[in-house]
Amino acid sequence: RGNLYNYILGIADNSLILAQRLGELCGHGPNLETDIALTNISLDLLGQTRSYYQYAAKVEGAGKSEDDIAFLRLEREYKNILLVEQPNTHFGYVMARQFLFDIYHLMMMKELQKSKDETLRAVANKGIKEVSYHKRFSSDWIKRLGDGTEESHGKMQEAIDDLWRYTNEMFQMTAADTEMAEAGIGVDVSKFKEAYYKEVSEVLKEATLTVPESKYFAKGGKEGIHTEHMGYILADLQYMQKTFPNMTW
Amino acid sequence: RGNLYNYILGIADNSLILAQRLGELCGHGPNLETDIALTNISLDLLGQTRSYYQYAAKVEGAGKSEDDIAFLRLEREYKNILLVEQPNTHFGYVMARQFLFDIYHLMMMKELQKSKDETLRAVANKGIKEVSYHKRFSSDWIKRLGDGTEESHGKMQEAIDDLWRYTNEMFQMTAADTEMAEAGIGVDVSKFKEAYYKEVSEVLKEATLTVPESKYFAKGGKEGIHTEHMGYILADLQYMQKTFPNMTW
Amino acid sequence: MSEKEIKNLEEIFEARIARDEKIEPKDWMPEKYRKTHIRQMSQHAHSEIVGMLPEGNWITRAPSLRRKAALLAKVQDEAGHGLYLYSACETLGITRDELYEQLHTGKAKYSSIFNYPTVTWADMGAIGWLVDGAAIINQVPLCNTSFGPYARAMVRVCKEESFHQRQGFEIMLTLSKGSEEQIAMAQDALNRWWWPSLMMLGPTDAESVHTEQSMKWKLKRKSNDELRQQFIDQTVPQADLLGLTVPDPDLKFNEATGHYDFGEIDWDEFWQVVKGHGPCNKERMNARVNAWDNGEWVRDAAMAHAEKKEKKKLKKVS
Amino acid sequence: MSEKEIKNLEEIFEARIARDEKIEPKDWMPEKYRKTHIRQMSQHAHSEIVGMLPEGNWITRAPSLRRKAALLAKVQDEAGHGLYLYSACETLGITRDELYEQLHTGKAKYSSIFNYPTVTWADMGAIGWLVDGAAIINQVPLCNTSFGPYARAMVRVCKEESFHQRQGFEIMLTLSKGSEEQIAMAQDALNRWWWPSLMMLGPTDAESVHTEQSMKWKLKRKSNDELRQQFIDQTVPQADLLGLTVPDPDLKFNEATGHYDFGEIDWDEFWQVVKGHGPCNKERMNARVNAWDNGEWVRDAAMAHAEKKEKKKLKKVS
């Protein structure tokens with residue numbers, strides 16, 4: 001039960017933190033259309049987050065709410081990968097982060113549809129259409145910016161190069177991941193590492209971008225050791241719940 | 001007693017929030033010398049803040065600590081002027097904010113040395129040397145940047161123009177201010193408004209900068225209605241105390 | 001065209017409006033009609049997108065996941081409103097870039113209510129309840145305005161605004177049933193947003209320009225003061241329901257008129273904010289201009305990419 | 001100078017060092033001595049200023065006013081150390097701008113410990129206790145090194161570092177006597193900083209270059225492995241005092257040697273971080289380069305202003 005709970009949080013925290021990062025952008029995008037689309041993605045991710053946390057709360061059986069799980073943990077207890085907490089340095093970073101996550105996210109969701117766990121299956125079934133859209137949206141932008149102007153090409157390449165080191169962490173299995181995969185409940189993400197890099201590379205090539213070759217990768221998020229950005233994300237995220245404990249909003 | 005408490009907080013919160021803003025810069029200045037100097041100013045202000053809060057806690061007599069006062073109020077309860085919470089947009093803003101505050105701060109401190117309240121007098125006596133140094137430092141930089149290069153002149157003018165609207169609030173008297181001034185404890189800041197603008201204008205002129213003419217001024221900080229920056233400042237400032245209540249550090 | 005012919009067209013045009021026919025973009029229209037509509041619709045569009053900012057300020061700090069999602073959705077709706085109001089403007093022969101230019105240079109106005117800061121979470125409730133409430137009162141009559149695209153946009157906008165208004169009220173209701181701090185927060189938000197909301201309905205009739213012509217074109221059906229009275233009459237009982245006190249010592253129900261009498265509005269403050277000196281005018285404008293400037297390379301890239309694609313297509317065909 | 005003359009000078013020079021005389025900037029010195037000192041002192045200076053960043057990360061979030069002030073003061077001390085170490089370098093005929101250039105282009109190194117993130121408040125304790133502790137062990141022997149300016153700088157640095165070290169230990173002590181969460185936080189920080197601190201004392205003697213020459217010049221008095229052993233022997237009892245567990249299952253006091261035996265260090269991680277692929281190498285370098293680039297207009301203005309002032313003075317004189 002502990003491992004199922006941890007497994008769910010591992011998935012859900014990615015969606016929460018990415019939704020939070022996208023939420024910062026609301027009203028500040030390059031045009032109204034992208035503003036609307038990014039808010040939409042944020043909303044989809046937040047919706048998935050809520051389903052996961054509600055289920056996690058039930059699994060844990062300690063009477064917690066989705067908000068307790070979302071807002072009242074210590075930084076070391078958040079299990080999201082480092083990629084999703086990286087800042088909105090510029091629109092190229094926003095799109096690179098999204099793209100590098102979406103390719104993985106869709107693969108994971110597709111597998112989760114086969115889970116023996118009914119609730120996880122249901123979340124995946126509902127989410128698959130959303131995530132397919134995210135992936136189409138971000139892939140299109142990678143191509144547009146990669147194969148746009150010289151400036152956009154440079155900025156897009158910079159973002160991909162910078163964020164590349166956060167990709168490998170997606171395929172590392174925690175103890176909870178392994179146990180849940182073996183039980184047929186969770187997804188063995190390590191299996192689609194190769195397919196992931198193949199698909200990412202294809203899009204990058206179409207976008208006239210260079211596939212980074214670095215073999216050095218960052219890790220730690222899944223064990224709750226985050227980059228220094230995370231503390232500031234949480235300071236805002238948790239502000240109200242920490243300032244006014246135990247209230248209804 | 002309530003008014004003395006509120007009066008002290010009105011002074012102290014300015015120092016706290018400005019110290020906090022300067023603290024953000026630590027390690028990111030244009031060179032080591034300014035980094036050290038700004039950290040020094042931050043430390044001086046923080047020292048003053050602590051003396052004020054310790055006294056306020058005593059005055060209130062509710063068993064609070066300096067940290068309770070510093071970290072555990074709601075945004076609407078912080079009484080600092082809007083000027084000190086403005087962001088470190090660039091080094092010109094940092095210096096303009098400091099300069100516009102220092103001129104006022106020194107005038108206020110000099111008056112506070114005549115307070116009938118022994119503790120406030122002691123804080124002022126100790127602080128006057130520090131604040132004189134701050135003023136010299138920031139005035140020198142105003143001149144250096146104003147009468148430096150074309151670029152620095154433009155940036156300095158921009159910062160002065162932008163922050164000008166936050167100056168008038170310094171001279172507005174709250175109920176606590178008025179009562180404490182009448183009692184010979186607090187300073188009647190409204191009295192040195194003219195001297196303030198005269199002194200500021202002289203430095204600006206020496207710096208070859210234009211004295212802004214706008215007659216529109218912002219207000220609200222003294223009544224706890226802050227700019228939208230304040231919430232984010234507090235989210236970081238209060239993070240630890242809110243996350244781990246009632247602990248010793 | 002001779003002057004007579006124009007006069008003739010104008011008469012036919014006015015008659016159509018009088019018969020409640022809709023004017024469509026391709027129909028003949030007087031230049032002043034076109035200009036007035038561009039001005040009003042773009043002002044409305046600008047208000048929607050500037051209006052995203054004060055609420056956007058609380059997205060990262062919303063107190064629950066449900067509220068965060070609702071707030072995101074609301075701000076997204078506002079972007080949507082902006083989008084189709086700009087589109088409606090474009091049917092009158094002006095580009096979105098020109099409209100942005102007007103906003104960014106301060107030539108075009110937007111609702112000055114958005115120049116106040118959002119200080120606490122309760123402001124999310126107060127904005128929905130009061131600001132959207134006042135907006136609806138302004139906008140419902142526009143669902144029957146003479147210019148077709150505007151009228152149709154307004155139908156959709158009003159439907160969504162009224163959802164937002166209920167949502168805002170519901171935030172206030174939750175707070176007013178909550179802890180002492182929450183009740184204080186709600187009251188404080190009402191204190192700060194009440195007067196600016198009344199100002200939203202525009203200057204007093206005595207000071208208001210454009211009114212007569214706008215009435216004829218059904219861009220306006222009631223005067224500012226009538227709308228304001230309607231807003232007050234509708235909102236005060238809601239405040240009572242919340243157990244909150246409207247911050248106006250002169251507010252009193254007048255049995256004789258059947259309306260609430262209310263205190264004097266601080267028109268100096270109104271004009272100060274309209275003229276660009278409100279608490280956040282500069283911040284709002286900076287945020288918009290920065291978003292636009294920082295997005296330039298993205299828009300350029302999108303255009304360059306589209307052109308490249310088009311060329312490739314043509315090559316394949318030829 | 002003939003080869004013989006140089007050889008003669010070198011012999012006199014080495015003899016002076018052997019006699020524990022200090023070498024001063026204006027004294028003759030072999031080119032290699034000069035270069036080695038520039039490399040080591042600048043590396044040390046760079047470490048001080050890059051080291052400001054991980055701790056600077058917690059200034060705005062320090063849990064009490066007292067701790068906030070102490071942290072500010074500590075980071076300020078590090079800037080001060082940087083300042084006089086750069087000055088010491090400059091006596092050897094290199095400018096601060098050149099030294100920065102080396103740092104910003106990755107040509108010069110800095111202590112790789114600062115490429116780890118500061119994740120919790122307890123890291124402020126762990127850095128003071130362990131990182132400054134290891135630094136002192138490295139630096140105390142340097143108070144007697146042969147190059148005068150470096151030796152004198154080190155006396156001051158060591159004094160302050162030892163204050164920081166005690167302060168860090170005191171943070172850990174407060175946490176370890178605190179709530180369950182605080183104890184967990186302290187243990188977690190020890191877990192994360194222990195091994196990187198051991199690595200701070202440099203590669204094993206087998207892998208270490210420069211050692212022999214450095215010994216002769218008193219730039220080094222003990223080997224890396226000896227220093228590491230000294231650090232462990234000194235620190236483990238302190239961990240015991242805190243009631244914390246050193247994260248090394250092989251750690252054990254060896255009665256025969258009088259030292260602690262310890263487990264194997266992950267040198268792959270060490271070299272990965274040294275080569276620029278640690279958790280924060282990129283962030284640290286970006287922060288330094290951004291500070292420098294964003295400060296360019298300020299430095300230019302200061303120089304332009306000084307020149308103007310100088311001219312005015314000359315005018316007055318003439």
Side-chain angles (χ1 to χ4, degrees), chain B residues 16 19-36 38-40 42-43 46-47 49-50 53-54 65-67 69-71 90-92 95 140-141 143-153 155-156 207 233 235-241 243-244 246-249, chain D residues 45 48-69 71-73 75-80 82-83 86 96 100 120-121 171 174-175 177-179 181-182 185 287-288 290-309:
Chain B
L16 173 69
Q20 178 77 357
R21 273 295 190 212
L22 292 171
E24 292 171 16
L25 287 171
C26 207
H28 303 277
N31 61 25
L32 272 176
E33 287 80 356
T34 50
D35 238 337
I36 291 173
L38 289 177
T39 309
N40 218 41
S42 181
L43 271 168
L46 208 53
T49 307
R50 295 183 63 192
Y53 285 163
Q54 283 161 12
S65 71
E66 60 177 72
D67 289 331
I69 299 179
F71 298 107
H90 59 55
F91 190 75
M95 281 302 127
D140 282 352
W141 271 106
K143 293 174 204 164
R144 228 171 258 140
L145 297 176
D147 191 18
T149 64
E150 203 179 316
E151 182 184 9
S152 75
H153 180 86
K155 281 186 138 84
M156 200 63 242
I233 295 178
D236 292 346
L237 178 72
Q238 303 181 332
Y239 179 71
M240 288 295 291
Q241 285 276 343
T243 302
F244 304 98
N246 301 317
M247 298 188 191
T248 303
W249 300 99
Chain D
E48 294 285 353
I49 63 159
V50 175
M52 295 168 74
L53 300 169
E55 290 179 293
N57 183 40
W58 279 89
I59 288 173
T60 59
R61 292 177 291 167
S64 73
L65 293 179
R66 186 172 77 92
R67 290 294 183 199
K68 191 190 285 285
L71 186 57
L72 268 167
V75 179
Q76 191 188 29
D77 283 347
E78 284 156 8
L83 199 57
Y86 283 127
R96 220 205 285 180
Y100 277 145
T120 72
W121 168 253
I171 291 177
T174 308
L175 293 174
K177 286 198 270 181
S179 69
E181 291 111 310
Q182 286 175 308
M185 196 188 279
R288 286 312 317 158
N290 286 342
W292 190 245
D293 290 351
N294 294 337
E296 193 179 6
W297 69 273
V298 176
R299 298 189 304 274
D300 289 350
M303 201 173 299
H305 181 78
E307 280 168 16
K308 280 185 195 177
K309 257 182 122 172

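On a predicted model such as this, the values are computed, not experimentally measured, just so you know. Chain A is the first sequence line, chain B the second, and so forth, proteins listed ahead of strands; every chain is numbered from 1. Because only heavy atoms are used, hydrogens play no part in the values below, and waters and symmetry mates are left out as well, while side chains stay in.
Interatomic distance, OG1 of B/Thr248 versus CD of D/Gln182, reported as 7.0 Å (0.5 Å rounding). Here CG of B/Leu22 is found 12.5 Å from OG1 of D/Thr60. Values are rounded to the nearest 0.5 Å. With rounding to the nearest 0.5 Å, the separation of CG in B/Asp67 from CZ in D/Arg66 is 9.0 Å. Taking NZ of D/Lys68 as the start and CD of B/Gln20 as the end, the distance is 3.5 Å to the nearest 0.5 Å. Here the straight-line distance linking atom CG of D/Asp77 with atom OG1 of B/Thr39 works out to 10.0 Å at 0.5 Å rounding. Between atom CE of residue D/Met185 and atom CE of residue B/Met247 there is a gap of 7.5 Å, rounded to the nearest 0.5 Å.
Using a 4.5 Å cut-off between heavy atoms, D/Leu53 touches chain B through its side chain atoms alone. For D/Ala62, the part lying under 4.5 angstrom from a heavy atom of chain B is the backbone only. Heavy-atom distances place the side chain of B/Leu46, and not its backbone, under 4.5 Å from chain D. With a threshold of 4.5 angstrom between heavy atoms, D/Leu175 approaches chain B through side-chain atoms but not through N, CA, C or O. With a 4.5 angstrom heavy-atom cutoff, B/Phe91 touches chain D via backbone and side-chain atoms both. Neither the backbone nor the side chain of B/Asp140 comes within contact range of chain D; no heavy atom of the residue lies under 4.5 Å from a heavy atom of that chain. At a 4.5 Å heavy-atom cutoff, the contact between D/Arg67 and chain B is made by side-chain atoms alone. In this structure, chain D has a heavy atom under 4.5 Å from the side chain of B/Leu16, while its backbone stays farther away.
Looking only at heavy-atom pairs under 4.5 Å with chain B, the residue among D/Lys308, D/Lys309, D/Glu55, D/Glu296 that has the most is D/Lys308. Of all the listed residues (D/Thr174, D/Leu72, D/Ile59), the one sharing the greatest number of non-hydrogen pairs under 4.5 Å with chain B is D/Leu72. For the set B/Thr149, B/Leu38, B/Leu43, the count of heavy-atom pairs under 4.5 angstrom toward chain D peaks at B/Leu43. Chain D forms more heavy-atom pairs under 4.5 Å with one residue of B/Gln238, B/Glu66, B/Glu150, B/Arg21 than with any other, namely B/Glu66.
In this pair, D/Trp58 and B/Tyr239 present their aromatic rings tilted. The plane angle is within the 30 to 60° band.
At distances below 3.5 Å, at least one donor-acceptor pair connects side-chain atoms of D/Arg299 with backbone N or O atoms of B/Pro30. Under a 3.5 Å cut-off, the side chain of D/Arg288 and the backbone N or O of B/Gly27 do form a donor-acceptor pair.
Between D/Ala79 and B/Ile36 the shortest heavy-atom distance is CB-CG1, 3.5 Å. Considering every non-hydrogen atom in both D/Val75 and B/Cys26, the closest pair reads CG1-SG, 3.5 Å.
Annotation: side chain of B/His28 is not in contact with side chain of D/Asn290 (no heavy-atom distance under 4.5 Å). Taking 4.5 Å as the limit, every side-chain heavy atom of B/Gln54 sits out of range of all side-chain heavy atoms of D/Leu65. Using a 4.5 Å heavy-atom cutoff, the side chains of B/Trp249 and D/Trp121 are in contact. Looking only at side-chain heavy atoms (C-beta outward), D/Arg96 and B/Leu32 come within less than 4.5 Å of each other. Side chains of D/Met52 and B/Asp35 form a contact here, defined as non-hydrogen atoms less than 4.5 Å apart.
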**Request:** Give the C-alpha distance, both sets of side-chain angles, the deciding distance and a yes or no for side-chain contact (heavy atoms from CB on, under 4.5 Å) between B/Glu33 and D/Leu83.
**Result:** CA-CA 8 Å; B/Glu33 287 80 356; D/Leu83 199 57; 3.4 Å; yes
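Atom NZ of D/Lys177 has 12 or fewer heavy atoms from other residues, nucleotides or ligands within 6.0 Å.
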